[in-house]
Amino acid sequence: MKSFVYTLLFIFLVISLLPPFLMIFTSFVPEGDLFNRTIQKALADFEAPRVVLLNKIRPLKTSLNIIQEGNNSFAKIEQSSDFVGLGFSLGSSDINMLKFVSFKIKNAQPVSVRIGFKDIKERVEYFYEQQIPANQQWSTQKIPVNPKALSLDTVHISQLRIEFKALSDLYIDDVSFVNNFPTLYNFIKVLGSDNFGRYLINSAIVSVSVVVGNIFFCALVGYCFARKNFRFKETLFALILGTMMIPPQVTIIPVFILMKNLNLIDTYWALILPNLVSPFGIFLMRQYIEQLPFELDQAAYADGANDFQIFWHVILPLCKPSIAVLGINTFVLTWNDLFYPLILTTSREMRTVQIGLALYQKLNVFTWPTLMAASTLTGLPIIIVFLIFEKKIISGIIEGAVKG
Amino acid sequence: MKRTKVSTVFLFLLPWLVSFAVFTAYPLIFSIFVSFTDYSGLNPKMTLVGMKNYLRAFSDPVFLKALTNTFIFVLITVPATTVISLFLGLLLTSGIKLKRLFQAGFFLPSVISMVVISMIWLYIYSATGPLNLLLNSIGIRIPMQSWLSSAKTALGSIMVMDIWSAVGYYTVLFVAGLQSIPIQLYEAAKIDGATKWQTIKGITLPLLKPTVLFVISINSIRSFQIFTEIFTLTGGGPANSTQTIVHYLYDTSFRKFEMGYGSAMAYILFVIILVITLLQRKILKGEQL
């Protein structure tokens, strides 16, 4: 029975954790996706008819000779006193994840080989030039590439050029790229190409401001409800709790009009001001302050402190546990919100990271690894906060629910 | 406790009062007004049109579709989420080791934002994604297309994703509810020779009723507002098969700029949520009497 329970729990644990794990893992894959990782990417195996091959392969100062031997076809490069070879068309490829250029070669005589790239601005740069000793059998050459050292536009490379200077004919086959895995390049690409850095900063500014505001204002209001006695106290408090169930969609149109009239659309203020005080926070702080001993206030009062001084110097420092709960939960909620920022911002510069991610796949040509890298950048801060403060977050959820 | 001076109280409550007045009370009243006008949001001109927006909503096939979809969504995901999380809550409180680890693991998806979750599942559901790969490898041949691009499967796929993302949160609430049941009751049941199932049926479930009701009501309120996953994954399509109230409201107000009509929809949603909340209150009160 016990082992059955553990098995069930374990299955559910795997189901819960597998998708986030997929996300993080896929963001380190160079191309393809997690299950079809393109680590090695074939450029040409010369198996197609010559006419088809000519679409993708351009002979450089020579002609494309295909030789068939059994099931295998490969290309012949004629002897030459100058560099001749083949250009492999890449369209407009990003080669920043490239680790090796790999090809098979069979050469009766030693041969000089040079390898280079051409970018879409038609600039050509060779990064490798060396002798390959004679070899009667097929041998695989793996030429290391350092994309950073190239002066070309490495994001838009149109052609790979492999050229030879040989005293006798030689044969090549199976030209391919070997990518780096794992690679950090997806993150660099997302941060660079789509302003994700800016989105992250915007989200951080808004979230931190809302957290600070909530801690201060909710504690202030909570203190008043916990310690002061006034008319309509419980009615007002019920009203505060009642506002918790008003869906934000009902108030968003007037808030939008208001922000527009105040010229605050597309500013941090529009995202911060409406969220500075939360009913949940007031409720949480009141509960906590109510159980602090009242003698503390009286002692401070006897020393001549006023209400605000008591709040600031006596009560607030004692509220650290509930401040932590409130702060962390508010941070998570604000960071994750899409609806408010989507409506109250218009420009690219003011987008929060959630909008950036939601629009990323709509506005960009994306691959799964880059989309997952963007998702990881958006989700990881919260996952880390959760791993550190798991206890506080869960106790915040439970305390918020107790009133139900 | 003696009365505090009104001015002091007023100063302390000021932050909330201002926020309530500006961002809750005023918008709440103003949007009722807007819902009776033809306000576009682009120019300040607005004329009263009476009940026209409300009547229009109930004869607008897209809104009716959105309403139906939202109800289907709520009626399937809320019970499913409740049952699964109650089950997990019972497993977690059955005296196992590593309870906190399991609980934290289940809870993790609910701190991740819905946008991120949507992106992960966009990948999982894609034509050559992990789900199709898995189905293929166990021999189920299905058309290689994204689960979200067919009108038949899109809403169902989003429901599965939503249940996955929400279960952990409600599990935590159930664990808290289960732990508040006095242990003496279980001991008494044990002495009386009750089986595990009898204990659950006779003690746990009746005492857990308030938690169950609370979970159902907050989850319904949340689910009626489903927007993010629709906005990021399908935009309401294909053929409005995933259109929901809030997504249509957003589309109408902020893309087609018919804010009067949008406000009417928002109020229809508000009334639905209000009814659910009051219903839940009533059931709870009846329970306690």
Side-chain angles (χ1 to χ4, degrees), chain A residues 5-6 8-9 12-13 15-17 19-20 22-23 26 33-36 217 220-221 223-224 228-230 240 243 245-247 249-251 253-255 257-258 274 276-277 282 307 332 335-336 338-339 343 354 357-358 361 368 371-372 375 378-379 382-383 386 390 393-394 397-398 401 404, chain B residues 1-4 6 8-9 12-13 15-16 19-20 23-24 26-28 30-31 34 88 91 94 96 102 104-109 111-116 119-121 123-124 130 133 168-169 172-173 176 214 221 225 227-228 231-232 246 249 253-254 259 262-263 266-267 269-270 273 277:
Chain A
V5 171
Y6 279 111
L8 276 176
L9 284 170
F12 275 102
L13 190 66
I15 296 174
S16 296
L17 297 183
L22 272 180
M23 166 184 83
T26 312
D33 60 39
L34 182 59
F35 298 100
N36 296 305
F217 291 125
L220 203 64
V221 178
Y223 165 76
C224 186
K228 302 295 166 201
N229 198 13
F230 51 91
I240 292 181
T243 58
M245 55 159 239
I246 297 172
Q249 295 83 15
V250 180
T251 51
I253 290 173
V255 169
I257 298 169
L258 182 76
L276 279 180
V277 200
I282 296 174
D307 286 311
V332 172
W335 182 276
N336 285 349
L338 174 76
F339 193 69
I343 286 163
Q354 305 295 336
L357 180 61
Q361 40 110 18
W368 293 120
L371 184 62
M372 290 301 111
S375 306
T378 312
I382 293 296
I383 295 179
F386 174 68
E390 168 256 332
I393 291 181
I394 289 184
I397 302 295
I398 294 170
Chain B
M1 219 192 300
K2 65 173 195 301
R3 279 266 162 85
T4 320
V6 177
T8 321
V9 171
F12 272 98
L13 293 187
W16 176 73
S19 166
F20 175 76
F23 297 114
T24 309
Y26 152 74
L28 219 49
F30 189 64
S31 66
V34 173
L88 288 178
L91 288 185
S94 65
I96 52 139
F102 282 117
F106 298 155
F107 189 78
L108 181 75
V111 288
I112 304 176
S113 80
M114 201 29 106
V115 181
V116 173
M119 290 306 140
I120 303 176
W121 286 79
Y123 166 49
I124 292 178
L133 227 58
Y169 182 89
V172 166
L173 296 186
F214 175 69
I221 293 174
Q225 297 174 28
F227 167 75
T228 309
F231 174 79
T232 34
V246 176
L249 180 163
S253 314
F254 298 100
M259 290 196 176
S263 297
Y267 257 90
L269 175 74
F270 189 27
I273 289 175
T277 315

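To find a chain, count down the sequence lines: A is the first, B the second, and so on, and within it residues start at 1. From a predicted model like this one, the values you see are computed outputs, not experimental measurements.
- No side-chain donor-acceptor contact under 3.5 Å links A/E390 to the backbone of B/L108.
- With A/F339 as the fixed residue, the ring-ring contact (aromatic ring centres under 6.0 Å, His included) test singles out one of B/F227, B/F231, B/F254: B/F227.
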Point to revise | Steps toward side chain to side chain contact (heavy atoms under 4.5 Å, CB included) verdict (A/I398, B/V172) | key: CA-CA 7 Å; A/I398 294 170; B/V172 166; 3.8 Å; yes

field: From CA spacing to verdict: side chain to side chain contact (heavy atoms under 4.5 Å, CB included), A/T243, B/F20
entry: CA-CA 9 Å; A/T243 58; B/F20 175 76; 3.4 Å; yes

### Task
Evaluate side chain to side chain contact (heavy atoms under 4.5 Å, CB included) for A/L13 paired with B/F106, printing each intermediate quantity in order.
CA-CA 6 Å; A/L13 190 66; B/F106 298 155; 4.1 Å; yes

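- Side chain of A/T251 to main chain of B/P27: no donor-acceptor pair is present (N/O by atom type, distance under 3.5 Å, no hydrogens or angles).
- Expressed to the nearest 0.5 Å, how far CD1 of A/I397 lies from CG of B/L173 amounts to 7.0 Å.
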**OP:** List the steps, then state whether side chain to side chain contact (heavy atoms under 4.5 Å, CB included) holds for A/L276 with B/S19.
**Re:** CA-CA 8 Å; A/L276 279 180; B/S19 166; over 6 Å; no

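- Rounding to the nearest 0.5 angstrom, the gap separating the CD atom in A/Q361 from the CE atom in B/M119 is 4.0 Å.
- Scanning both residues, A/S16 and B/P109, for their nearest heavy atoms gives O-CG, 3.6 Å.
- For the pair B/F23 and A/L258, the minimum side-chain heavy-atom distance is below 4.5 Å.
- Taking OG1 of B/T228 as the reference point, atom CG of A/L338 lies at 5.0 Å (rounded to 0.5 Å).
- A heavy-atom distance below 4.5 Å is found between the side chains of B/L91 and A/L8.
- In this structure, A/Y6 and B/F102 have tilted ring planes: the angle between them lies in the 30° to 60° band.
- No donor-acceptor distance shorter than 3.5 angstrom exists from the side chain of A/N336 to the backbone of B/M114, with no hydrogens or angles considered.
- Listed options A/I343, A/V332, A/T378 were ranked by heavy-atom pairs under 4.5 angstrom with chain B; first place goes to A/I343.
- To the nearest 0.5 angstrom, A/I282 atom CD1 is 8.5 Å from B/L13 atom CG.
- Per-residue heavy-atom pair counts under 4.5 Å with chain A were compared for B/L28, B/L249, B/V34, and the maximum is reached by B/L28.
- Contact record, A/P254 with B/S31: CG-CB, 3.6 Å, taken as the closest heavy-atom pair.
- Heavy-atom pairs under 4.5 Å with chain A were tallied for B/I273, B/V246, B/T277, B/I221; the largest tally goes to B/V246.
- For chain B, the option among A/I257, A/L22, A/I393 with the highest count of heavy-atom pairs below 4.5 Å is A/I257.
- B/F270 places a side-chain heavy atom less than 4.5 Å from the side chain of A/P247.
- A 4.5 Å side-chain heavy-atom check between A/I394 and B/F107 finds at least one atom pair inside the cut-off.
- Between A/I246 atom CD1 and B/T24 atom OG1 the span is 6.0 Å, to the nearest 0.5 Å.
- Per-residue heavy-atom pair counts under 4.5 Å with chain B were compared for A/F217, A/F12, A/W368, and the maximum is reached by A/W368.
- For the set A/V277, A/I383, A/I253, A/I382, the entry with the most heavy-atom pairs within less than 4.5 Å of chain B is A/I253.
- In this structure, CD1 in B/I112 is found 5.5 Å from CE in A/M23, a value given to the nearest 0.5 Å.
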